[in-house]
Trainee: 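Pasting a structure here, questions to come.
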Amino acid sequence: MTEQDKPQHMADESAEGNRDTGDLEPQDRDTQEPQATADDAAAATSLDTAGGAMQPSAVPVSAQSGTVPGGPDTLVRRIFTGSGMVSILAVLLALILGGLLIASTDKQVGATASYLFARPSDFFSAVWTAATRSYVALFQGSVFNPRGSSVAVQFAPLMETLTIATPLITAGLGVALAFRAGLFNIGAQGQIIMAGILAAWVGFALHLPVGLHLLLVLVAGIVGGAIWGGLVGLLKARTGAHEVILTIMFNYIALYFLRYLLNTPAFQRPGESNPISPILDPSAVYPQIFGTQYRLHLGFVLAIAATVFVWWLLNRSTVGFEFRAVGANPKAALTAGINVPRATVLVMAIAGALAGMSGVAQVAGTEKVLTDGVAATYGFDAITVALLGRSTPWGTFAAGLLFGAFRAGAVQMQIQTGTPIDIVLVVQSLIVLFIAAPPLVRALFGLNPRKKKAATAGKTKTAATTGGAA
Amino acid sequence: MSTTATSPVPGTPQPGTPQSANEKAPAVSAKPVTWKVPVLLSVLGVVAFIFFGVMGPNQTARFGISSSGDFFQLPAIQVPAFLGGIVLSVLMLGLAAYAVYLKTRNEPSPGWLPIVFIVLFVAAFLIWVVGGARTPSISLAGLIAGSVTLAVPLVFGSLSGVLCERVGVVNIAIEGQLLGGAFTAAMVATLTKSPFIGLLAAAVAGAVVSMVLAVFSIKYLVNQIIVGVVLNVLVSGLTGFLFSTVMQADKAQFNSPGRLPIIDIPVLSSIPVIGPILFKQSVVGYLMYIAVIVVWIGLFKTKWGLRVRAVGEHPQAADTMGIKVNATRFWNVTLGGAVAGIGGSFFTLVAIDSFTKEISGGRGFIALAALIFGRWNPIGAFFAALLFGFADNLQSIVTIIGTPVPSQFMAMLPYLVTVLAVAGLVGRSRPPAASGIPYIKG
């Protein structure tokens with residue numbers, strides 16, 4: 001489609017597309033409402049839901065667009081109160097809280113706490129040591145290990161991070177895309193599993209020439225994910241069932257289906273009593289990009305391609321425009337002549353296809369076999385990745401890298417310092433909680449827009465309001 | 001959570017007759033009676049006839065009713081599997097035909113019809129499973145008692161869901177509340193050496209998890225589903241972390257809660273079948289029955305319940321009447337969390353006497369399913385949870401007695417049933433209208 005062919009709204013759309021924000025959001029800077037003095041979250045949500053009269057879109061306004069509804073502030077203030085800054089502060093805050101949690105269970109900290117009032121410096125240095133030791137190990141396990149003998153070994157952790165980030169990125173993109181269309185896709189887990197089943201079967205049961213085989217594996221996985229996702233979209237479009245419930249249930253159905261299959265002769269490795277499939281043919285697996293010493297495989301390149309594709313889809317294509325219109329306001333979209341049921345099915349199918357790429361990355365890239373742990377927790381992590389990435393393609397990409405680094409580094413951290421991997425779950429979920437509530441983060445760092453007093457006054461006013469005085 | 005296609009949206013004018021009128025006078029309704037129920041029943045009836053009837057096993061299924069210690073003994077029920085399958089599936093087909101007949105007269109199927117159908121289907125299925133097993137004999141009493149035991153956390157979880165959703169807050173965090181309750185119960189009961197204090201602590205822990213949900217969704221207006229999903233991860237991470245660092249280091253000091261005693265009511269507990277399930281339970285088990293009844297009476301027979309439901313259905317109207325919408329929501333969600341927390345204590349104080357990572361194992365989501373299948377009603381949720389507990393228990397029994405059905409499909413059953421339920425195939429389940437929508441006054 002060339003620029004001339006586009007309808008007028010599409011041309012406008014692409015002109016603004018670079019900003020990668022929800023152009024449909026009503027709280028754009030230019031159209032500031034006089035109520036900007038009220039608590040920004042309240043304002044955003046009331047706009048979002050027309051004063052509570054309609055279903056809010058799946059993703060809060062604050063997590064969708066780049067600008068904070070805070071009025072025309074100074075540039076500096078915008079930088080420090082903008083969503084990017086909130087993201088960074090949220091990560092920082094989550095890391096601090098995670099560090100405190102690590103320190104609270106540390107033996108040295110416990111020992112120094114007994115004479116806290118006699119020599120507080122011991123206590124605080126013990127807290128600092130406990131937390132930083134873990135985080136340094138996390139960094140060394142995920143980005144750069146200075147103790148490596150050669151440059152190749154020193155950067156091995158980074159390669160591991162990229163490997164683990166690959167399924168996170170693609171599944172995260174799937175969740176993010178559905179978010180933008182106002183759908184809550186909790187089902188990446190099930191979509192990864194179904195994709196893994198199909199891709200793995202093509203990989204070990206068929207024996208095809210090099211190239212064609214891998215292509216078929218990829219297609220099978222994408223189709224598997226797309227069907228599983230599309231089915232949810234279809235059920236939602238036809239019956240109005242809520243996609244959250246559907247996707248949660250579909251996750252379990254897929255998991256038990258996989259467990260069943262792994263106990264059948266068609267999928268179980270011959271001579272094996274454990275539920276594990278045969279190893280995929282060498283022609284069916286992704287080539288390793290930087291040689292055999294790293295696990296990083298072609299799937300990462302495809303993840304980058306998928307990010308570009310989703311960016312194009314959302315910001316440059318008619319279909320993506322429809323998705324966003326449906327996400328912003330399904331009733332308005334319907335009135336504007338958009339086929340909402342079709343968009344629902346399509347967006348869920350594409351989301352499933354993207355999650356399916358994660359399934360392929362797992363069976364054809366990282367693990368090369370199918371087990372019932374094929375999806376690990378990637379499907380659930382994908383939700384947090386998409387939320388951290390504010391449902392934008394490149395944001396999701398960056399969030400996937402960050403969480404990949406957490407995952408990769410946590411293994412090293414557990415080996416070196418004994419800090420359990422679970423700390424990553426805590427930090428991840430705290431990050432998302434804080435990001436979802438920007439007013440909380442800004443309040444904690446004293447960064448509320450406008451003068452502090454006005455902000456506080458606004459807050460108390462809202463508090464009274466949300467308290468629901470009769 | 002709202003099914004966007006069906007739920008009336010407050011604030012938008014709804015032309016035509018109100019929905020209640022539709023249900024009462026179907027003959028003049030604008031909406032014709034759908035083919036959903038008759039078609040579904042027919043399909044299931046045919047499936048039952050073919051699999052449970054025609055292709056049914058030839059053995060005789062034996063269901064033991066009394067256990068040796070019972071007050072009086074009843075003989076075991078012996079059912080020829082083939083004949084039983086045929087008879088029951090013919091009855092099912094009869095019901096399906098009745099539904100089709102009603103449809104041709106444009107009348108909806110009565111409410112009892114699907115329920116009777118489900119009972120028949122489960123019975124036929126049971127006969128088929130047992131009849132096809134290597135050892136075609138199970139103890140019905142044991143099966144039912146086991147189902148109730150497995151259903152306990154599900155019931156508490158779904159009650160938590162009922163309390164939250166009825167007031168307009170979607171509670172996806174049931175899993176986290178159960179897990180938090182289980183962890184805290186184990187920890188506190190070990191430290192205080194009293195399972196009862198552990199039980200209380202579990203309620204507090206569940207309430208705390210719920211308060212986070214309430215604060216973020218009510219004060220910060222964060223999407224309730226996001227908070228719920230994230231809370232599950234957070235609780236899972238926190239309990240996993242503390243389990244690895246604290247509990248595993250010193251199991252005796254932190255992770256060996258005693259079990260809650262099983263309280264055996266004399267005489268009554270030796271009634272066959274219902275004795276063990278009603279009168280031979282732990283405190284948590286008895287609390288379950290009390291909680292179901294209290295929540296039901298509270299929601300549907302008291303002023304408090306009327307207010308709660310008003311807030312969940314139409315907060316603007318409730319506010320106009322002087323009900324503090326967000327305060328009601330906050331305290332109800334907190335209460336729901338406490339209920340789920342008690343359910344969580346079941347894992348560590350009744351089922352086994354220690355905590356392990358992810359001990360709740362996704363039961364919070366089954367509880368969510370039970371809530372929907374039970375149509376947001378405490379009694380309905382209770383029976384749905386029993387059904388899911390039954391499926392869970394049958395799954396383990398099936399592997400022991402060795403039947404042709406793979407246990408994975410039994411495990412899948414609750415989820416499949418829920419998909420059918422939310423898709424509107426098994427009756428219509430409509431959530432409270434304002435569930436999931438934050439309320440902003442003004």
Side-chain angles (χ1 to χ4, degrees), chain A residues 41-42 44-46 49-56 58-60 101 105 184 186 235 238-242 244-246 248-250 252-253 256-257 259-260 263 330 380 383-384 387 418-430 432-433 436-437 439-440 463 465-470, chain B residues 1-6 9-12 172 216 218-223 225-227 229-231 233-234 236-238 240-242 244-246 315-316 319 322-328 362 365 368-369 372 406 408-409 411-412 415-416 418-419 422-424 431 436-442:
Chain A
T45 312
S46 66
T49 62
M54 57 176 265
Q55 277 278 34
V59 185
L101 184 65
T105 57
F184 235 102
I186 313 274
L235 278 171
R238 294 296 295 273
T239 69
H242 200 286
V244 170
I245 305 298
L246 286 175
I248 289 175
M249 301 306 145
F250 270 55
Y252 282 101
I253 293 172
Y256 286 114
F257 184 57
R259 287 192 182 155
Y260 163 71
N263 283 311
F380 293 114
I383 303 166
T384 43
L387 289 171
T419 310
I421 292 181
D422 304 274
I423 192 72
V424 169
L425 289 181
V426 177
V427 173
Q428 278 181 1
S429 47
L430 285 177
V432 177
L433 266 188
L440 176 67
T465 324
T466 44
Chain B
M1 51 200 58
S2 170
T3 53
T4 42
T6 52
V9 178
T12 42
I172 303 277
F216 274 85
I218 297 170
K219 180 163 170 28
Y220 291 106
L221 306 164
V222 183
N223 184 298
I225 297 170
I226 292 184
V227 188
V229 169
V230 171
L231 270 181
V233 181
L234 179 63
S236 157
L238 264 182
F241 178 82
L242 291 173
S244 304
T245 51
V246 178
Q316 280 87 351
D319 197 358
I323 300 168
K324 295 179 178 175
V325 171
N326 284 325
T328 311
F365 294 113
L368 192 66
I372 295 159
Q408 289 88 358
F409 283 103
M412 215 189 267
Y415 308 108
L416 275 175
T418 308
V419 168
V422 289
I437 304 174
Y439 180 67
I440 303 134
K441 199 180 162 90

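Reminder, nothing fancy here: chain letters follow the sequence lines and each chain counts from 1.
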Trainee: When only pairs under 4.5 Å are counted, which of L235(A), I248(A), I186(A) shares the most heavy-atom pairs with chain B?
Mentor: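 Option with the greatest count: I248(A).
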Trainee: Might you work through the side-chain contact (heavy atoms from CB on, under 4.5 Å) test for Q408(B) and N263(A), ending with a clear yes or no?
Mentor: CA-CA 10 Å; Q408(B) 289 88 358; N263(A) 283 311; 3.1 Å; yes
Trainee: Given the options L433(A), L246(A), I383(A), which has more heavy-atom pairs under 4.5 Å with chain B than any of the others?
Mentor: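 Greatest number of close heavy-atom pairs with chain B: L433(A).
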Trainee: Does any backbone or side-chain atom of Y260(A) lie under 4.5 Å from a heavy atom of chain B? Answer side chain, backbone, both or neither.
Mentor: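 Both parts, heavy atoms under 4.5 Å.
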Trainee: Using the test side-chain contact (heavy atoms from CB on, under 4.5 Å), find all partners of S429(A) that sit at least two apart in sequence or belong to another chain.
Mentor: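 By the side-chain contact (heavy atoms from CB on, under 4.5 Å) rule, S429(A) matches V230(B), V233(B), L234(B).
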Trainee: Do I253(A) and V419(B) make a side-chain contact, defined as non-hydrogen atoms from C-beta onward lying under 4.5 Å apart?
Mentor: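 A side-chain contact under 4.5 Å exists here.
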Trainee: Over 60° means perpendicular and under 30° means parallel, so tell me whether Y220(B) and F216(B) are parallel, tilted or perpendicular.
Mentor: tilted
Trainee: Among S244(B), A411(B), A369(B), which residue has the highest count of heavy-atom pairs closer than 4.5 Å to chain A?
Mentor: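 Looking at each option in turn, the highest pair count goes to A411(B).
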